[in-house]
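Here's the structure, in structure tokens; my notes come after.
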Amino acid sequence: EDMSNMLYVQPSLIEEGFTPVSREEQTKYGFIDVFGYDKNGVLTIVECKRFTADLSAVTQLRRYVEKVKESKGISAVRGIIASPKITENAKKMLYDWGFSHVAVQPPKYHESYNKKQLRLDGF
């Protein structure tokens, strides 16, 4: 959720001209992280992964894109995975299906919180 919030507030991390419309949109197939429109007005679904995106992330994105196309009766829906990294197999599948990847680092507030915690041997 923190990544989708970050992208909603800073949409240029996805691409210049990206306009988010909603986040954490519930469907019967799961939550779509960010819905928006690209600079050309094409409906775009962004699937966020905090770590490395894999094949399951790509198939999840495809399910969302296909269901949105069907439910809205449109043929043009973009799919983007936003994650720090993506596996080579997932990247190939992503591009084969006409989707794209944007390298985005997740917010770091959890990391700084954890670094301030005392360890058990510190007592």
Side-chain angles (χ1 to χ4, degrees):
E1 183 179 347
D2 54 341
M3 272 189 77
S4 64
N5 289 340
M6 177 183 74
L7 296 175
Y8 197 83
V9 173
Q10 299 175 28
S12 63
L13 292 172
I14 295 299
E15 66 183 20
E16 287 301 321
F18 177 70
T19 304
V21 175
S22 68
R23 60 181 178 263
E24 299 298 318
E25 183 87 18
Q26 185 174 2
T27 71
K28 64 181 181 178
Y29 299 99
F31 286 93
I32 294 175
D33 294 325
V34 181
F35 252 129
Y37 291 92
D38 69 10
K39 64 184 173 189
N40 298 316
V42 176
L43 184 62
T44 302
I45 296 172
V46 180
E47 178 62 28
C48 302
K49 296 297 176 193
R50 290 186 57 78
F51 303 106
T52 303
D54 58 11
L55 292 171
S56 66
V58 179
T59 57
Q60 180 182 14
L61 177 63
R62 184 174 186 190
R63 277 194 313 270
Y64 292 156
V65 167
E66 294 304 317
K67 290 303 171 188
V68 167
K69 283 180 177 180
E70 180 183 311
S71 69
K72 296 201 178 286
I74 57 177
S75 60
V77 177
R78 283 185 65 193
I80 298 173
I81 290 184
S83 67
K85 297 178 184 177
I86 186 168
T87 66
E88 284 303 314
N89 286 345
K91 185 188 294 185
K92 180 171 179 2
M93 181 186 284
L94 188 75
Y95 295 152
D96 284 350
W97 285 343
F99 304 141
S100 55
H101 175 254
V102 176
V104 177
Q105 294 298 320
K108 301 211 179 251
Y109 70 89
H110 288 299
E111 292 173 14
S112 64
Y113 174 77
N114 290 335
K115 288 178 185 175
K116 294 175 187 173
Q117 287 182 334
L118 289 176
R119 295 172 31 130
L120 287 176
D121 60 1
F123 289 98

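From a predicted model like this one, the values you see are computed outputs, not experimental measurements.
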Check: Leu94 and Leu61 side chains under 4.5 Å, non-hydrogen atoms
yes

What residues join Val9 in its hydrophobic cluster, counting side-chain heavy atom gaps under 4.5 Å, either direct or through other members?
none

Intermediate values then yes/no, side-chain contact (heavy atoms from CB on, under 4.5 Å), Val77 and Phe35
CA-CA 10 Å; Val77 177; Phe35 252 129; over 6 Å; no

Salt bridge (Lys or Arg N to Asp or Glu O under 4.0 Å) with Lys39: which residues, sequence neighbours excluded?
none

Under a side-chain separation threshold of 4.5 Å, the hydrophobic residues clustered together with Val42 are none

Distance check, rounded to the nearest 0.5 Å: Tyr37 atom OH versus Thr19 atom OG1?
10.0 Å

Taking the hydrophobic residues Ile, Leu, Val, Met, Phe, Trp and Tyr, and joining any pair whose side-chain heavy atoms are under 4.5 Å apart, which ones share a cluster with Phe18?
Met3, Met6, Leu7, Leu13, Ile14, Val34, Val46, Ile80, Val102, Val104

Gap separating the CD atom of Glu66 from the OG1 atom of Thr59, nearest 0.5 angstrom
12.0 Å

Where is the tightest heavy-atom contact between Gly79 and Phe99, given as atom of each residue plus distance?
O-CB, 3.2 Å

What residues form a salt bridge (Lys or Arg N to Asp or Glu O under 4.0 Å) with Arg78, not counting sequence neighbours?
Glu15, Asp38

So which atom in Lys49 and which in Ala57 form the shortest heavy-atom distance, rounded to 0.1 Å?
CE-CB, 3.6 Å

May I ask you to decide whether Asp2 forms a salt bridge with Arg50, counting only side-chain N to carboxylate O separations under 4.0 Å?
yes

Nearest heavy atoms of Ala90 and Ala53, plus distance in Å
CB-O, 3.9 Å

Rounded to the nearest 0.5 Å, how far does OG1 of Thr52 lie from CD1 of Ile81?
11.5 Å

Atom NE2 of His101 and atom CD of Glu47: how far apart are they, to the nearest 0.5 Å?
11.5 Å

Quick one: do the Ser56 and Asp54 side chains pair a donor with an acceptor below 3.5 Å?
yes

Are Tyr8 and Val21 grouped together when hydrophobic residues (ILVMFWY) are joined by side-chain heavy atoms under 4.5 angstrom apart?
no

Nearest-0.5 Å distance, NZ of residue Lys67 to CZ of residue Arg62
11.5 Å

Taking the side chain as everything from C-beta on, heavy atoms only, tell me whether Tyr95 gets closer than 4.5 Å to Val58.
no

By salt bridge (Lys or Arg N to Asp or Glu O under 4.0 Å), Lys92 pairs with (sequence neighbours left out) Asp96

Looking at Phe31, is its backbone amide N or carbonyl O close enough to the side chain of Tyr64 to form a donor-acceptor pair, meaning the two atoms are under 3.5 Å apart?
yes

